[in-house]
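Residue numbers start from 1 in every chain, and the chains themselves are labelled A, B, ... in the order their sequence lines are given, proteins ahead of strands.
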2 protein chains.
Amino acid sequence: MSEKPEQKLRKRNIKPTAMRELVLKVLTDQKTAISLPELEQKFEKADKATLYRTLKTFEKQKLIHSIDDGTGPVKYALCLEECSCSVNDLHVHFHCTKCNKTYCLHEIPVPSVNLPKNFSLESVDMVVQGICANCK
Amino acid sequence: MSEKPEQKLRKRNIKPTAMRELVLKVLTDQKTAISLPELEQKFEKADKATLYRTLKTFEKQKLIHSIDDGTGPVKYALCLEECSCSVNDLHVHFHCTKCNKTYCLHEIPVPSVNLPKNFSLESVDMVVQGICANCK
DNA sequence: TATAACTTTGCAACCCGGTTGCACTTATTA
DNA sequence: TAATAAGTGCAACCGGGTTGCAAAGTTATA
Ligand SMILES: [Mn+2]
Ligand SMILES: [Mn+2]
Ligand SMILES: [Zn+2]
Ligand SMILES: [Zn+2]
């Protein structure tokens with residue numbers, strides 16, 4: 001089932017360094033999306049730039065995707081195993097206005113929209129604001 | 001038909017100062033959303049803080065609404081006459097990845113979504129990325 | 001193995017949008 | 001008119017994001 005961090009990195013063509021495995025571990029343990037500032041706090045002594053570049057590498061290799069819920073720093077969450085970050089993989093995100101956590105609702109695909117004539121679609125971001133089950 | 005800026009401000013309970021009428025004029029002439037940095041450039045000599053507070057006032061009084069398309073500074077666009085920024089008034093936004101303009105698609109309401117159990121909805125942001133009719 | 005080439009990391013500095021404190025001006029009210 | 005409140009301009013600050021550069025670590029080559 002759940003494979004080693006190292007394997008997960010290799011599968012996405014990311015050289016598994018110590019730092020990267022640690023970051024992946026944090027992301028895996030996390031049930032909700034995490035921002036760079038939050039990630040920084042998870043480490044006793046880690047450099048912001050390194051973490052930043054780690055996230056960028058992960059994102060480029062589609063190990064994680066970014067979520068801008070509009071309420072602060074950009075957050076990141078693990079992609080599903082089979083994810084290629086294409087339009088098919090797009091899902092709704094939920095931001096809780098009470099606890100400020102941001103959830104991936106993987107089971108809810110973003111609804112399709114009929115754009116005006118001559119507008120073409122590349123991607124969609126849909127963020128629902130509200131109260132999450134934990135805060136209710 | 002199109003009423004005076006002064007009237008439009010009064011209707012939203014905003015005291016019509018010279019500055020505010022100028023900003024409203026810019027927003028009205030604009031077919032797409034505009035950011036604070038962009039707004040600054042529209043004036044020969046205007047203070048960022050004043051413009052900032054003007055936008056905040058307009059937003060609080062629901063004369064304009066903000067749009068975070070995730071590609072830079074927050075943008076602002078006029079609300080429709082009858083808008084009260086409630087869930088009913090929510091519409092899809094479109095960001096053109098070529099010209100970087102952001103459009104209000106007032107005629108396209110945000111689709112409804114079925115949230116997981118015990119998640120409640122307060123608001124929704126939906127931004128479609130793609131190429132606009134002008135850039136096509 | 002020794003060396004060269006490339007990659008990753010850490011540190012510092014910077015950029016920029018957003019925000020606030022404060023004094024000054026302008027409008028409103030008593 | 002005097003007192004009060006609202007709006008404006010300037011400067012400084014904050015925080016997330018980003019980059020340059022040198023040191024350390026890794027991989028490839030002879
Ligand atoms: Mn997600
Ligand atoms: Mn809009
Ligand atoms: Zn919550
Ligand atoms: Zn365009």
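The pair E81(B)-K11(B) counts as a salt bridge, with a side-chain nitrogen and a carboxylate oxygen less than 4.0 angstrom apart. Between R10(A) and E6(A), at least one side-chain N (NZ, or NE/NH1/NH2) sits under 4.0 Å from a carboxylate O, which counts as a salt bridge.
In this structure, CG of L55(A) is placed 9 Å from P of dG17(D), rounded to the nearest angstrom. Separating the CZ atom of R10(B) from the P atom of dA27(C) is a distance of 13 Å, rounded to the nearest angstrom. To the nearest angstrom, P of dG17(D) lies 6 Å from OH of Y76(A). One can place CZ of R53(A) at 11 Å from C1' of dT7(C), the figure rounded to the nearest angstrom. D68(B) places its CG atom 13 Å from the P atom of dG17(C), with the value rounded to the nearest Å. Summarising the geometry, the separation between NZ on K48(A) and P on dT8(C) is reported as 21 Å, rounded to the nearest angstrom. Taking atom CG of residue D47(B) and atom P of nucleotide dT26(C), one finds them 15 Å apart after rounding to whole Å.
Nucleic acid contact class of K56(B) (heavy atoms, under 4.0 Å, all strands): sugar-phosphate only.
In terms of position on DNA chain D, the residue among A49(B) and Y52(A) whose nearest nucleotide sits closer to the 5' end is A49(B).
Residues from residues 15-45 of chain B that place a heavy atom under 4.0 Å from any atom of DNA chain C, listed by number: L36(B), P37(B).
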